2 protein chains.
Amino acid sequence: MATIKDIAQLAGVSLATVSRVINQTGNVSPALREQVLAAVEALNYQPNAPARSLRRRETRLIGVLIPQLNHPFFGTLAYSIERFLFEKGFRIMVCSAEEDADRESEYAQVLVRQRVDGAIVAPTGLDLAWAEHFAHARIPIVLIDRDLPGVPANRVMVDNWQGGYQGALHLIALGHRHIGVISASRHSQAMQDRLQGALQALRDHNVVHQVYEPDVETLQQYDLGFHAALHLLKQQPAPSAIFALTDVAAIGAMHAAVREGLSIPDQLSVMGFDGIELGAYLIPALTTVAQPIEQLGNVAAELLLKSISRAQTEYELVVLPTQLTQRASTGAWRGAR
Amino acid sequence: MATIKDIAQLAGVSLATVSRVINQTGNVSPALREQVLAAVEALNYQPNAPARSLRRRETRLIGVLIPQLNHPFFGTLAYSIERFLFEKGFRIMVCSAEEDADRESEYAQVLVRQRVDGAIVAPTGLDLAWAEHFAHARIPIVLIDRDLPGVPANRVMVDNWQGGYQGALHLIALGHRHIGVISASRHSQAMQDRLQGALQALRDHNVVHQVYEPDVETLQQYDLGFHAALHLLKQQPAPSAIFALTDVAAIGAMHAAVREGLSIPDQLSVMGFDGIELGAYLIPALTTVAQPIEQLGNVAAELLLKSISRAQTEYELVVLPTQLTQRASTGAWRGAR
DNA sequence: TACGCTCCTGAAAACGTTTACAGAGCTTGT
DNA sequence: ACAAGCTCTGTAAACGTTTTCAGGAGCGTA
């Protein structure tokens with residue numbers, strides 16, 4: 001591969017001049033500039049990013065550490081971050097921890113070693129090992145989606161508690177008095193907040209409820225929802241509505257209900273949480289507590305760039321509102337089956 | 001951040017010795033090794049990857065360039081690649097071209113500048129600009145999912161033509177004589193192959209058919225399927241079955257059918273192509289021509305590592321079989337509506 | 001002519017590693 | 001006692017950039 005030295009030789013100038021032309025820094029006479037550009041063209045020169053990073057002490061690379069890449073919510077999140085940062089000249093390295101704390105910590109180390117300028121992290125659980133790595137390296141991070149008390153960083157998320165409350169309230173308002181709740185994870189702060197919010201609403205209105213929480217972390221979220229729903233539907237009295245704290249789990253739950261011969265929403269209402277695009281196209285379309293996914297990503301990216309440019313000591317917490325998106329999968333209670 | 005120099009100073013040894021300990025290369029006496037490791041621990045030392053890459057002339061970084069990150073098929077693909085390569089000590093940089101040739105080419109340049117050791121590319125269209133960048137830099141690539149004639153590279157894909165034929169045949173065998181086909185893109189070779197395969201089957205059996213092809217590339221694949229189906233259902237005679245060449249488009253199509261008051265599969269059969277996990281949880285569960293997604297990713301990654309280690313001049317083409325996965329969204333023709 | 005500008009250019013150091021090379025201290029066999 | 005061969009360690013060069021510094025050329029002014 002051609003180096004700056006080859007360019008200099010071909011153009012008959014010094015290394016410094018080539019560098020100045022490439023980076024458009026400092027003054028170079030038009031004649032030399034032309035020669036350099038011609039040489040760059042001729043040799044298909046592409047600057048060596050590692051060398052540049054080494055010298056400049058910045059990589060213009062941002063780490064994005066999420067629990068699961070192959071998941072509509074996190075996929076959309078990563079996507080929106082990518083789009084925002086691309087415009088600003090930053091590239092991202094997406095790492096999927098696969099809901100595993102060890103892997104998460106391992107990836108944090110990888111990002112530190114790559115000397116990313118910053119990182120956006122949606123933590124897998126309550127384990128903070130990964131955060132240590134960034135802290136030691138003084139790499140600024142932004143926490144997204146899942147709050148983590150005690151981490152000195154900017155945070156962007158929705159009010160999960162409120163969303164949980166709001167979702168449960170929707171079902172209660174429809175007349176449901178036996179409600180099943182499916183949590184997607186025992187160790188995620190976001191899930192806990194949603195669950196507590198929902199439980200509060202249920203208690204506030206004296207609604208009979210049953211909670212399903214998975215024993216182990218799993219990547220099979222559809223399957224989780226499926227089995228959780230099967231379990232809940234076997235309870236006595238059977239719930240007339242299910243609130244899954246994740247859209248993906250809700251989809252699994254819907255499938256289970258239909259498998260059991262129940263029609264949605266006539267015999268069972270199902271609602272989710274997240275607001276993934278897919279929800280609108282399901283049959284029936286999924287009622288959900290929607291997060292502003294794109295906005296979460298954009299705000300996080302913006303905040304990160306801010307803390308990269310000027311080392312700030314004040315950390316912001318941005319809380320975005322959830323929105324109840326009512327569609328066809330929930331309906332009024334029609335009486336006992 | 002601590003450097004190797006700091007470690008050397010603290011441990012009272014030379015840079016070379018530290019390097020030898022860290023990389024477990026060459027012999028170092030147990031005593032010194034201990035001192036070095038202690039210093040590494042004390043200073044939270046993390047090797048500087050850019051510096052290392054510069055010197056070693058390898059990054060152990062693999063570029064993954066896909067048309068769309070936020071898409072179940074490509075998400076799963078990226079995920080399986082990531083998992084395979086992580087084991088082997090390689091990290092990936094995921095880039096999403098968003099079905100845009102310019103952006104794709106831009107990202108190829110980015111990867112070249114990062115000096116990735118290799119790249120796995122699922123091309124967006126027929127534009128080969130991106131391939132030039134890798135070729136000039138002599139960076140080995142593996143083409144995945146979408147074939148591209150004339151690119152000197154390893155290729156891993158399914159037999160899309162055969163899959164298209166197979167899918168159409170399934171509908172024909174069910175007795176359908178008016179079939180609509182939805183293509184997801186005009187410019188993707190994979191889509192064209194699927195389409196031609198399907199058309200061949202339809203012609204072979206004298207089946208009336210209608211094809212919908214989008215005019216412009218879009219990222220809204222659900223929406224594409226939705227509108228395509230609405231369009232097809234308006235035709236006279238209306239199709240009794242729809243074959244969407246993408247699962248995501250099939251989901252949109254199912255939604256459109258229900259919106260039009262048709263029940264699936266009684267009044268309209270819908271089938272897709274890809275075999276995304278989600279398909280099994282839809283209501284009704286989606287019949288599809290399934291690709292072995294994980295396997296595609298693994299084989300591609302394996303092939304890439306092979307061509308990185310020993311510069312090969314022979315390029316392989318691996319064709320994996322598709323599998324017709326029959327579920328609930330297709331059924332026998334019940335007579336004219 | 002001498003001086004002080006501005007504009008342009010190149011030499012050289014630096015970024016944090018790895019590694020070729022050489023030297024120092026041992027052991028071993030003669 | 002000495003050569004030869006180990007094992008261990010350090011010095012210094014190299015990887016491809018960016019950037020500081022100094023100096024030369026040209027020009028207007030005193």
Side-chain angles (χ1 to χ4, degrees), chain A residues 1-37 39-40 43-61 89 109-110 112-117 136-139, chain B residues 1-37 39-40 43-61 89 110 112-117 137-139:
Chain A
M1 290 233 50
T3 73
I4 219 176
K5 204 167 161 187
D6 301 321
I7 306 291
Q9 213 152 22
L10 184 58
V13 299
S14 73
L15 303 187
T17 301
V18 177
S19 177
R20 277 189 280 255
V21 170
I22 290 170
N23 298 294
Q24 309 191 38
T25 158
N27 288 321
V28 177
S29 71
L32 289 194
R33 151 167 284 115
E34 280 314 308
Q35 291 176 42
V36 169
L37 290 178
V40 164
L43 299 182
N44 281 303
Y45 172 73
Q46 297 282 3
N48 182 313
R52 181 177 273 183
S53 298
L54 176 58
R55 173 60 221 222
R56 284 204 184 142
R57 329 201 75 202
E58 67 167 24
T59 54
R60 295 191 83 72
L61 224 50
Q109 275 194 57
V110 168
V112 168
R113 289 204 269 261
Q114 290 296 335
R115 298 294 192 266
V116 293
D117 292 341
H136 280 133
R138 297 181 187 287
I139 291 176
Chain B
M1 288 231 49
T3 75
I4 217 176
K5 205 167 159 186
D6 302 321
I7 307 292
Q9 212 152 22
L10 184 57
V13 299
S14 73
L15 303 187
T17 300
V18 176
S19 178
R20 277 188 281 257
V21 170
I22 290 169
N23 298 293
Q24 311 192 34
T25 160
N27 287 320
V28 175
S29 71
L32 288 195
R33 149 167 287 113
E34 279 315 308
Q35 290 177 43
V36 170
L37 289 178
V40 164
L43 299 183
N44 280 303
Y45 171 73
Q46 297 284 1
N48 181 313
R52 180 178 273 183
S53 299
L54 176 60
R55 171 62 219 219
R56 284 202 184 145
R57 328 200 74 199
E58 66 165 27
T59 54
R60 293 189 86 72
L61 224 51
V110 168
V112 168
R113 289 204 269 261
Q114 290 295 336
R115 298 295 192 267
V116 294
D117 292 341
R138 297 180 186 286
I139 292 176

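This is a predicted model, so every value here is computed, not measured. Sequence lines set the chain letters: A, B, ... in the order given, protein chains first and strands last, and positions in each chain run from 1.
With hydrogens and angles ignored, no donor-acceptor pair under 3.5 angstrom links the side chain of A:Arg55 to the base of D:dT17. Below the 3.5 angstrom threshold, one finds no donor paired with an acceptor across the side chain of B:Arg57 and the base of D:dG16.
Phosphate proximity of C:dG16 to B:Thr3: absent, as no side-chain N or O sits under 4.0 Å from OP1 or OP2. Contact annotation: B:Asn48 side-chain N/O to C:dC15 OP1/OP2 distance is not under 4.0 Å. Residue B:Arg52 has a polar side-chain atom (N or O) positioned under 4.0 Å from OP1 or OP2 of C:dT18. Taking only side-chain nitrogens and oxygens, B:Ser29 comes nearer than 4.0 Å to OP1 or OP2 of D:dT9. The shortest distance between the side-chain N/O atoms of A:Asn27 and the OP1/OP2 oxygens of C:dT9 is not below 4.0 Å. For C:dG10, the OP1/OP2 oxygens have a side-chain nitrogen or oxygen of A:Thr17 closer than 4.0 Å. Proximity of A:Ser19 to the phosphate of D:dT18: a side-chain N or O atom is located under 4.0 Å from OP1 or OP2.
Between B:Tyr45 and B:Ile22, the shortest heavy-atom contact is CE2-CD1, 3.3 Å. The two residues B:Gly89 and B:Arg60 make their nearest non-hydrogen contact at O-NE, 3.5 Å.
In this structure, the nucleotide among D:dT17, C:dA11, D:dT18 sitting nearest to the side chain of B:Arg115 is D:dT17.
With rounding to whole Å, B:Lys5 atom NZ is found 11 Å from C:dT17 atom P. For the pair A:Glu58 CD and C:dC15 P, the interatomic distance rounds to 16 Å; values are reported in whole Å. One can place CZ of A:Arg33 at 15 Å from P of C:dC7, the figure rounded to the nearest angstrom. Atom CG of A:Leu15 and atom P of D:dG16 are 11 Å apart (whole Å). Atom CD1 of B:Ile4 and atom P of C:dC15 are 14 Å apart (whole Å). Regarding A:Gln46, its CD atom lies at a distance of 14 Å from the C1' atom of D:dG16, rounded to whole Å. Here C:dG16 presents its P atom at 17 Å from CG of B:Asn23, a figure rounded to the nearest Å. The CD1 atom of B:Ile22 sits 14 Å away from the P atom of C:dG16 (whole-angstrom rounding).
Place B:Arg20 and B:Tyr45 on DNA chain C by their nearest nucleotides, and B:Tyr45 ends up nearer the 5' end. Nucleotides of DNA chain D nearest to B:Gly12 and B:Ala51 differ in position, and the one nearer the 5' end is that of B:Gly12.
Partner of A:Val28 under the side chain to side chain contact (heavy atoms under 4.5 Å, CB included) criterion, chosen from A:Val18, A:Val21, A:Val13: A:Val21.
Side-chain contact between A:Arg115 and B:Pro50 is present, with heavy atoms from C-beta onward closer than 4.5 Å. You'll find the side chain of A:Leu61 reaches within 4.5 Å of the side chain of B:Gln114, heavy atoms only.
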